[in-house]
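Worth knowing before you read on, the calculation uses all heavy atoms, side chains too, and leaves out hydrogens, waters and symmetry mates.
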Amino acid sequence: MKRISIFITVFLLFTLRAESQIKVEASETVELMSVLSRTAGFREYCMDMAGQYSKDTEIWFAPYKEHPIIAYYQGLRENHSIGYDAVMSMAIHLDINKGKIKFLGEKSDLEKRWHDVDTDDFVARLNQFYVDTRFHEFYQQHQKFYEEGLHTYETNVMQYFHQGWYARFYGTEPTEKFRVVIGFTNGGGNYGPHRQLSDLPKEVFAIVGYYVNPQTGKAYEKGLDYASTLIHEFNHSFVNPLLNDDSNIAMLKEIGQNLLKLSPIGMQRQNYTQWNIVVNESIVRAAVIIYMLDNGFTVEQQLKEIYDNVCRDFRWMPELVAALRTYASNREQYKTLNDFYPEIAHCLGKFLDDEKERIEKALK
């Protein structure tokens with residue numbers, strides 16, 4: 001009995017440690033790139049949802065809207081579509097040491113829209129903006145605000161995030177390090193960039209937006225609403241690598257292409273323009289609902305998540321959720337989600353066949 005008790009104690013300690021590994025962070029480079037994008041007028045970084053912090057940002061940086069980097073940076077948006085997640089991809093590949101900004105990693109690791117940009121030139125211009133605007137002074141002055149935001153997120157949102165679920169559900173341990181960063185200038189924007197530094201595990205970031213309720217002056221009041229974004233992003237680190245397998249590609253490529261053709265406008269609006277993105281997003285979104293089912297979310301919350309996905313043109317979500325429930329109920333047969341991949345292909349393929357038959361029936 002004593003051995004069993006010791007084993008249970010060690011197991012619980014291990015579980016608690018695993019569940020508390022991820023700490024929410026603030027990042028000077030994330031704020032720098034967000035503020036630069038806001039100053040340049042990038043609409044996705046001009047939501048100004050952070051209450052007094054947004055006002056402080058406007059007052060401090062408004063005089064620099066004619067800074068030399070601004071017209072150059074606007075040109076990068078026009079000529080290379082730099083914006084949205086590409087901004088955050090650059091942010092996590094920067095380091096600030098002793099007042100000097102340096103690029104980290106390999107250029108090939110950046111979001112592809114940066115590949116034709118002279119990154120050395122960009123970083124040099126960014127250094128000048130950093131010095132001229134006294135950005136570090138601005139960042140230091142708001143440390144208390146950042147700390148309060150991190151504490152609120154930890155209290156209101158992280159309680160719904162159970163890291164241990166992922167290894168149990170997918171049947172594999174994560175091969176990547178997961179990091180959560182609040183983008184205090186990003187408003188409703190949430191991004192999932194990644195980086196691979198030499199001799200280190202791949203790092204996957206969930207850069208989550210920040211919103212202050214103007215009526216109450218509080219952030220992250222409905223923590224559950226924000227938790228779904230975090231739950232979603234961490235699924236990607238397990239789901240996306242499955243499509244690196246040639247046999248899985250062969251199973252899903254044509255199906256993914258047909259799913260994209262079925263909802264081209266809706267997917268385009270969400271920037272899901274490639275078949276593999278549609279497939280991965282579909283599985284991740286279905287897995288979020290299984291997570292909710294396994295972690296005590298109400299039926300109403302689960303239904304809302306399904307309806308939200310259907311409204312976003314993932315019309316096959318009910319069928320895919322049902323398929324993943326079959327997987328979750330038959331883990332002796334399916335040790336990992338990769339083992340279940342042929343059934344995912346069958347599920348999505350059948351949806352396409354049924355949809356085609358339903359549409360053609362209207363013409364008979």
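- A donor-acceptor pair under 3.5 Å is formed between the side chain of His115 and the backbone N or O of Leu110.
- Panel note: side chain Trp114, backbone Ala86; a donor-acceptor pair is recorded below 3.5 Å.
- For Tyr327 (side chain) and Phe169 (main-chain N/O), a donor-acceptor pair under 3.5 Å exists by modelled atom type.
- One finds a salt bridge joining Arg77 and Glu44 here, because a Lys/Arg side-chain nitrogen approaches an Asp/Glu carboxylate oxygen to under 4.0 Å.
- Asp109 and Gln196 are not linked by any side-chain donor-acceptor pair at a separation below 3.5 angstrom, with hydrogens and angles left out of the test.
- Not counting sequence neighbours, Tyr211 has no partner by the ring-ring contact (aromatic ring centres under 6.0 Å, His included) test.
- Ring orientation note: the planes of His162 and Tyr291 are close to parallel, at an angle under 30° on the 30°/60° scale.
- A donor-acceptor pair under 3.5 Å is formed between the side chain of Gln74 and the backbone N or O of Ala40.
- You'll find the side chain of Leu36 reaches within 4.5 Å of the side chain of Leu126, heavy atoms only.
- Looking at Asp339, its side chain does come within 3.5 Å of a backbone N or O of Thr336 through a donor-acceptor pair.
- Side-chain atoms of Ser228 and Glu305 include no donor-acceptor pair closer than 3.5 Å.
- At distances below 3.5 Å, not a single donor-acceptor pair connects side-chain atoms of Asp95 with backbone N or O atoms of Lys102.
- You'll find the side chain of Glu111 stays beyond 4.5 Å of the side chain of Met88, heavy atoms only.
- Lys335 places a side-chain heavy atom less than 4.5 Å from the side chain of Glu332.
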**Pair Met47-Thr185, side-chain contact (heavy atoms from CB on, under 4.5 Å): steps then yes or no** = CA-CA 8 Å; Met47 298 185 209; Thr185 304; over 6 Å; no
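- Between Ile22 and Gln163 there is a side-chain heavy-atom pair separated by less than 4.5 Å.
- Taking Phe103 as the reference, His93 meet the ring-ring contact (aromatic ring centres under 6.0 Å, His included) condition, with sequence neighbours excluded.
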**Item:** Chi angles and distances behind the side-chain contact (heavy atoms from CB on, under 4.5 Å) call for Val35, Tyr45
**Value:** CA-CA 8 Å; Val35 167; Tyr45 289 92; over 6 Å; no
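- None of Tyr146, Phe61, Phe184 except one satisfies the ring pair (Phe, Tyr, Trp, His ring centres under 6.0 Å) rule with Tyr139; the exception is Tyr146.
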**Message:** Does Glu25 form a side-chain contact (heavy atoms from CB on, under 4.5 Å) with Ile182? I'd like the steps, not just the answer.
**Reply:** CA-CA 6 Å; Glu25 309 168 50; Ile182 296 180; over 6 Å; no
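- Aromatic pair His194/Phe205: ring centres not closer than 6.0 Å.
- Looking only at distances, no side-chain donor or acceptor of Asn330 sits under 3.5 Å from a matching main-chain atom of Gln333.
- Between the side chains of Glu281 and His236, at least one donor N or O sits under 3.5 Å from an acceptor N or O.
- Using modelled atom types, one side-chain atom of Arg195 and one backbone atom of Ile92 make a donor-acceptor pair closer than 3.5 Å.
- Counting heavy atoms from C-beta outward, Arg38 and Asp48 have side chains that approach closer than 4.5 Å.
- In the hydrophobic clustering of ILVMFWY residues, with side-chain heavy atoms under 4.5 Å counting as a link, Met267 and Val310 come out together.
- Under 4.0 Å is where a charged nitrogen must lie from a carboxylate oxygen, and between Lys65 and Glu58 at least one such pair does.
- For an aromatic pair to be called close, the ring centres must be under 6.0 Å apart, and Phe135 with Trp60 fails this.
- Tyr210 contributes no side-chain N or O that, together with a main-chain N or O of Ala50, makes up a donor-acceptor pair within less than 3.5 Å.
- Aromatic pair Tyr334/Tyr341: centroids not less than 6.0 angstrom apart.
- Ring geometry for Tyr84 against Tyr191 counts as perpendicular: the plane angle is over 60°, on a 0 to 90° scale with 30° as the lower cut.
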**Message:** Before you tell me yes or no, could you show the steps for Phe138 and Thr133 under side-chain contact (heavy atoms from CB on, under 4.5 Å), namely the whole-Å CA-CA distance, both residues' side-chain angles and the distance that decides it to 0.1 Å?
**Reply:** CA-CA 9 Å; Phe138 173 84; Thr133 62; over 6 Å; no
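- In this structure, His136 and Tyr130 have tilted ring planes: the angle between them lies in the 30° to 60° band.
- Side chains of Tyr170 and Asn235: a donor on one and an acceptor on the other come within 3.5 Å.
- Taking 4.5 Å as the limit, some side-chain heavy atom of His80 sits within range of a side-chain heavy atom of Asp116.
- Electrostatic pairing of Lys304 and Asp308 counts as a salt bridge here, judged by a charged N lying under 4.0 Å from a carboxylate O.
- Stacking of Arg125 on the aromatic ring of Tyr73 is not recorded, the 6.0 Å distance cut-off and the 45° axial limit not both being met.
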For residues 314-325, tabulate all N or O donor-acceptor pairs below 3.5 Å that involve a side-chain atom, not counting sequence neighbours.
from	atom 1	to	atom 2	distance (Å)
Arg315	NH1	Ser263	OG	3.4
Arg315	NH2	Glu355	OE2	3.2
Trp316	NE1	Ser282	OG	2.8

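- Inspection of the Asn338 and Asp245 side chains reveals no N or O donor paired with an N or O acceptor under 3.5 Å.
- Side chain of Arg113 to backbone of Ser81: a donor-acceptor contact under 3.5 angstrom is found.
- Side-chain polar atoms of Gln268 and Thr273 form no donor-acceptor pair below 3.5 angstrom.
- Clustering ILVMFWY residues whenever any of their side-chain heavy atoms sit less than 4.5 angstrom apart, transitively, puts Ile96 in a cluster other than the one holding Val131.
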